[in-house]
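Just below is one structure, and these are the notes that go with it.
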Amino acid sequence: MPRFRQILDTMAPYTPGKAVAAPDGRSYKLSSNESPYDPLPSVVEAIAEGARNIHRYPDAGAVKLTEAVAERFGVPEAHVALGAGSVTVAQQLFETVSEPGAEVVYAWRSFEAYPLLADLAGVTSVRVPLAGEDHDLDAMAEVITDRTRMVFVCNPNNPTGTAIRRAALESFLDRVPETVLVVLDEAYREYVRDEDVPDGLTLYRDRPNVVVLRTFSKAYGLAGLRVGYMIAQEPVATAVRKTIIPFAVNSLAQVAAIASLAAEDELLDRVERVVKERTRVRETLIGQGWTVPHSEANFVWLRLGERTLDFAAECAKDGVAVRPFQPEGVRVSIGSPEANDAFLAAAARFRA
Ligand code: PMP
């Protein structure tokens with residue numbers, strides 16, 4: 001029997017959202033915060049065109065996509081680093097800071113990949129409980145020690161949907177020593193409508209330790225292709241680029257991401273429709289008697305405690321897959337109006 005790393009004995013594997021089907025065949029996957037829309041024809045065309053070259057390795061430096069991201073956000077190319085999904089960029093960030101005794105601080109509950117990546121990197125997790133459904137930034141600042149190498153701030157937070165406003169985030173950043181990386185995980189940035197929630201790109205320029213992490217998986221609808229990026233000052237971006245597995249971002253992901261940036265207006269129209277549905281879903285739930293935290297993302301959060309799995313089972317009867325986090329609550333992605341109606345019907349039944 002080969003000998004494995006001990007941490008693997010206690011590590012819980014990542015459990016992705018799975019589809020379910022109702023007896024009548026209906027199936028609505030609201031468990032992974034994906035875009036409910038089919039890919040844009042222009043993006044599918046770019047992928048088909050790119051497929052002609054798949055006997056070649058991708059551009060390892062992803063030069064054109066780096067240029068496109070830099071141009072889109074008005075940042076120097078040297079500030080951009082790409083990865084195979086933002087979760088891989090997060091893993092690369094762990095690679096840049098991992099050393100014996102290193103600690104990472106993050107809120108809990110937050111994105112399930114943080115503990116997994118920390119364990120894999122041999123970095124000790126310091127989890128700070130949410131205050132209600134929000135980040136407790138004071139408590140997070142207090143646990144930073146000289147062992148802390150990195151802090152994740154998920155804004156808006158997955159799975160609660162809550163977002164941190166500018167004054168609170170800036171005063172937190174002011175309290176973090178510059179030797180500690182602060183990763184602002186903005187996977188859901190495009191869904192934010194509260195103008196007081198700062199765009200991380202307005203914060204990193206004066207702060208050499210701040211990283212903005214973004215993805216093409218959600219608003220841009222490319223979850224299946226795996227492409228994400230980070231923006232930070234040059235020394236951080238350079239360090240992170242060194243940690244990429246050669247050719248990690250495949251050629252179809254690169255062309256699809258470029259085509260998606262070119263079609264951004266259409267994609268952001270879709271985001272707007274999701275935001276409208278988010279309002280409708282939340283208001284309907286509140287009308288049914290639920291407590292629903294205000295969400296700035298493409299999902300809503302119901303704190304169900306011990307009833308979490310029962311609720312997920314009720315939704316499954318209508319073919320609605322939600323994401324249960326037993327025994328805390330359920331995260332439900334905003335989908336098409338039809339999918340949202342199916343979910344709302346199940347939620348109403350559960351309350352009755
Ligand atoms: N960050 C957060 C907060 C997320 O919720 C997710 C996806 N669930 C990711 C990062 C990773 O997304 P991807 O790897 O698809 O870019």
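Fair warning: this is a prediction, and the values are worked out from it, not measured in the lab. First listed ligand is number 1; within each ligand, the first listed atom is number 1. Note: hydrogens, waters and symmetry copies are ignored here, and every other heavy atom, side chains too, is used.
Note: Tyr191 and Tyr188 have tilted aromatic rings, judged against thresholds of 30 and 60 degrees for the angle between ring planes.
Residue Ile245 qualifies as open at atom CD1: its count of foreign heavy atoms under 6.0 Å is 12 or below.
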What donor-acceptor contacts under 3.5 angstrom involve side-chain atoms of residues 192-199, with partners at least two apart or in another chain?
residue: Arg193; atom: NE; partner: Glu272; partner atom: OE1; Å: 3.2
residue: Arg193; atom: NH1; partner: Glu190; partner atom: O; Å: 3.0
residue: Arg193; atom: NH2; partner: Glu272; partner atom: OE1; Å: 2.9
residue: Asp194; atom: OD1; partner: Asp196; partner atom: N; Å: 2.8
residue: Asp194; atom: OD2; partner: Arg165; partner atom: NE; Å: 2.7
residue: Asp194; atom: OD2; partner: Arg165; partner atom: NH2; Å: 2.7
residue: Asp199; atom: OD1; partner: Leu201; partner atom: N; Å: 2.7
residue: Asp199; atom: OD1; partner: Arg214; partner atom: NH2; Å: 2.8

Return all side-chain donor-acceptor pairs below 3.5 angstrom for residues 81-89, not counting sequence neighbours, or 'none' if the list is empty.
residue: Thr88; atom: OG1; partner: Ala84; partner atom: O; Å: 2.7

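Every pair passing side-chain hydrogen bond (donor to acceptor under 3.5 Å, both in side chains) that includes a residue from residues 246-268 is listed here, sequence neighbours excluded: Arg72-Glu264, Tyr220-Glu264.
The distance from the CZ atom of Phe172 to the CE atom of Met140 is 5.0 Å, given to the nearest 0.5 Å.
Protein residues having a heavy atom under 4.0 Å from any atom of ligand 1 are Gly85, Ser86, Val87, Phe111, Cys154, Asn158, Asp185, Ala187, Tyr188, Thr215, Ser217, Lys218, Arg226, listed by chain and number.
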